[in-house]
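The structure under discussion appears below in the form of structure tokens.
All residue numbers refer to positions in the sequence shown, counting from 1.
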Amino acid sequence: PDASAFQRRTLGELAEAFATAESSASPVDDAVVATDGPPPVSPGQAALRYDVRSDPASPRYTITRRHRVEGSLDIDRLHDALLAVIGAHETLRWTFSEPRRELSPEEALEWSVVSSTVDVDALADEQARRRFDIDAGPLLRATVVRGAHGAAELLLSAHHLWCDARSFDLLWDHLDAAYRGGQLEAPPVGYGRLAERHRERVDDAAVARAAAALPDDARSPSPGFAAPTAPEADGYRRLDVRLDAPPDRIVPAFLAAVTLALVDDDTSVVGLPMTTRDADARTSIGYFLNTVPLLLPRPDHGSFDSLVREVDDRLARALDHRQVPLADLVAERRRHARSTDLSRVMVVHDPPTDELTIDEAKVPGETIFNSAAITDLSLFVTETPTGAVIAAEWSGRRYGADDVDALLTRLAVILQAGTASPDRSLDALAAASVAAASELSGPELDAVTTTVLDDIWARADDDRPAVGHSEVSLTYRELD
């Protein structure tokens with residue numbers, strides 16, 4: 001579907017838009033599904049491969065998931081099932097050497113089984129920090145920690161070039177089918193053919209339109225932090241936030257919170273990773289991502305609700321260009337002497353992981369971050385049953401941990417208070433978030449939604465000054 005689908009206001013309308021687009025999609029020519037030789041590199045892979053080669057020793061594109069199997073696990077069957085999944089998906093078998101080389105499933109998989117006497121937390125961290133050799137392989141890494149009575153934990157790692165986050169969920173679907181003894185077949189359209197079709201859809205005119213949609217001086221927002229006097233370690237931090245908001249409004253509300261906390265002009269752009277999957281790629285494992293530059297509005301003196309609506313509208317317009325590879329967009333802007341600083345600050349929506357199973361045993365999982373920042377600053381949001389998890393991953397060369405903690409505090413305050421009272425003024429939210437950030441840091445962040453906010457919002461009829469920010473000073477009564 002085109003970007004208008006994302007302007008639908010109910011899940012029913014959105015599902016109808018997707019169903020209409022899927023039913024009207026052009027049928028695939030079976031004659032071009034099968035490919036001989038190495039599959040073409042997709043536009044997204046080409047851009048990512050360039051970045052990987054600039055720092056080949058870094059593990060920053062290693063994706064690792066830790067899964068605890070709630071039930072008994074036949075380890076030999078799991079090994080055979082993994083080989084079957086690799087055999088069914090071409091993208092899991094081809095290296096990025098010159099020329100590209102196809103590995104057998106056994107060559108593509110690094111497999112190990114260890115006893116439960118190991119420190120699993122340390123093992124997970126170590127595996128998350130191990131880089132992949134994209135030229136030689138292996139391409140998938142699996143470690144089983146054998147427990148008592150058939151219990152087990154599984155650490156799965158892959159390089160981002162071969163799969164995105166959605167592909168990990170699909171991998172489990174296929175793994176479950178193979179583990180049960182089902183016969184896996186290759187997806188109806190190979191990844192190489194999908195990459196070719198992506199390139200066919202994006203012409204020079206589409207790239208030019210995407211480049212013209214942004215101001216010439218568009219750039220990533222500056223959080224206003226001073227760089228550390230000495231480089232620190234890259235970092236990752238997450239924070240649970242209780243919210244009174246429907247799940248479909250959390251992402252626009254988070255983008256509005258980022259806008260209020262970071263934006264001070266009309267040229268601020270954040271990178272927004274978006275899927276490029278179409279109906280034919282629904283069951284394919286591979287890299288189906290593109291970073292879309294999102295132009296954020298300068299916050300005025302209106303309400304949080306008005307800011308959310310403006311951000312939502314800009315998001316819909318940005319999606320018109322979601323198929324244009326960021327690398328092509330940057331090259332086009334460079335040709336016209338325009339700013340190419342479009343993705344040093346990223347905002348990432350991590351959808352909740354589907355409930356994973358293997359032979360009816362539940363397999364809850366968590367992503368293990370390897371503390372190797374991909375961009376200067378990445379901000380994450382994931383919906384939860386009680387609200388959202390927000391997180392930050394940052395480069396220690398650019399930002400200090402205390403500054404990022406303060407930013408997360410501000411985002412938590414704005415997100416919670418703004419969704420609870422959408423008509424609350426942006427001035428009040430900004431002032432309250434700055435006050436909270438000055439009082440809380442580090443481990444105390446976990447108390448932000450139960451201490452500072454309760455203290456600030458509870459005194460509705462108090463005329464004493466509550467908070468101040470810049471030239472704005474508000475009493476408790478004015479805040480309420």
Side-chain angles (χ1 to χ4, degrees), residues 6 9-12 14-15 65-68 70 165-166 168-169 172 236-261 272-273 303-305 307-309 311-312 315 347-357 362-369 378-393 404-424 428-429 432-433 435-437 439-458 460 479-480:
F6 294 89
R9 291 298 176 182
T10 68
L11 289 177
L14 184 61
R65 292 271 185 91
R66 178 178 177 177
H67 299 276
R68 297 174 178 84
E70 297 180 353
R166 172 59 181 157
F168 261 91
D169 294 344
W172 271 103
Y236 172 78
R237 179 159 181 81
R238 56 174 280 163
L239 178 65
D240 292 295
V241 184
R242 296 192 305 273
L243 298 177
D244 180 19
D248 63 339
R249 303 309 295 159
I250 288 178
V251 173
F254 183 69
L255 285 167
V258 170
T259 300
L260 186 56
L272 197 67
S303 67
F304 185 73
D305 182 63
L307 181 59
V308 171
R309 291 179 181 276
V311 169
D312 210 9
L315 176 59
V347 178
V348 183
H349 173 218
D350 268 349
T353 301
D354 296 337
E355 182 174 284
L356 306 175
T357 61
K362 291 184 178 180
V363 191
E366 61 174 312
T367 299
I368 307 297
F369 283 81
S378 293
L379 301 169
F380 301 83
V381 60
T382 301
E383 303 92 332
T384 67
T386 59
V389 169
I390 64 175
E393 185 180 20
V404 178
D405 279 352
L407 175 60
L408 271 183
T409 305
R410 292 199 64 195
L411 292 175
V413 170
I414 295 168
L415 187 59
Q416 189 189 51
T419 54
S421 302
D423 293 333
R424 197 178 297 277
L429 289 174
S433 70
E439 293 189 29
L440 297 178
S441 63
E444 295 174 320
L445 271 173
D446 296 326
V448 65
T449 56
T450 58
T451 56
V452 172
L453 281 180
D454 289 347
D455 180 62
I456 289 176
W457 305 124
L479 270 177
D480 193 61

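The CG atom of D312 sits 8.5 Å away from the CG atom of L255 when rounded to the nearest 0.5 Å. Put simply, NZ on K362 and CG on L356 are 11.5 Å apart, with the number rounded to the nearest 0.5 Å. T386 OG1 to D244 CG: the interatomic distance, rounded to the nearest 0.5 Å, is 12.0 Å. Separating the CD atom in E366 from the NE2 atom in H67 is a distance of 9.5 Å, to the nearest 0.5 Å. If you take OH on Y236 and CD1 on I368, they are separated by 9.5 Å, rounding to the nearest 0.5 Å. One finds the CG atom of L260 at 11.5 Å from the CG atom of L415 (value rounded to the nearest 0.5 Å).
Across all their heavy atoms, L239 and A412 have their closest contact at CD2-CB, 3.6 Å. Considering every non-hydrogen atom in both V311 and P252, the closest pair reads CG1-O, 4.3 Å. The heavy-atom pair separating A261 from L411 by the smallest distance is CB-CD2, 3.9 Å. Pairing each heavy atom of T419 with each of A253, the nearest pair is CG2-CB, 3.8 Å. Between A388 and V381 the shortest heavy-atom distance is CB-CG2, 4.2 Å. Across all their heavy atoms, A256 and L307 have their closest contact at O-CD2, 3.5 Å.
Residues R65 and D169 are in side-chain contact: their nearest non-hydrogen atoms beyond the backbone lie under 4.5 Å apart. Residues R237 and L408 are in side-chain contact: their nearest non-hydrogen atoms beyond the backbone lie under 4.5 Å apart.
Salt-bridge formation is detected for the pair D240/R238: a Lys NZ or Arg NE/NH1/NH2 atom is positioned less than 4.0 Å from an Asp or Glu carboxylate oxygen.
Note on ring orientation: taking the six-membered ring where Trp is involved, the planes of F369 and F380 are perpendicular (angle over 60°, cut-offs 30° and 60°).
By the side-chain hydrogen bond (donor to acceptor under 3.5 Å, both in side chains) test, E70 is found to be paired with no residue, residues two or more places apart in sequence or in another chain being considered. Judged as a salt bridge (Lys or Arg N to Asp or Glu O under 4.0 Å), and not counting sequence neighbours, the contacts of D305 are R309. Residues satisfying the side-chain contact (heavy atoms from CB on, under 4.5 Å) criterion with P352, sequence neighbours excluded, are T382, E383.
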Run the numbers on I390 and L379 for side chain to side chain contact (heavy atoms under 4.5 Å, CB included), then give the verdict.
CA-CA 7 Å; I390 64 175; L379 301 169; over 6 Å; no
T367 and D350: CA distance, side-chain angles, deciding distance, side chain to side chain contact (heavy atoms under 4.5 Å, CB included) verdict:
CA-CA 11 Å; T367 299; D350 268 349; over 6 Å; no
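Exactly one residue among V347, T259, V308 makes a side chain to side chain contact (heavy atoms under 4.5 Å, CB included) with F254. That residue is V347.
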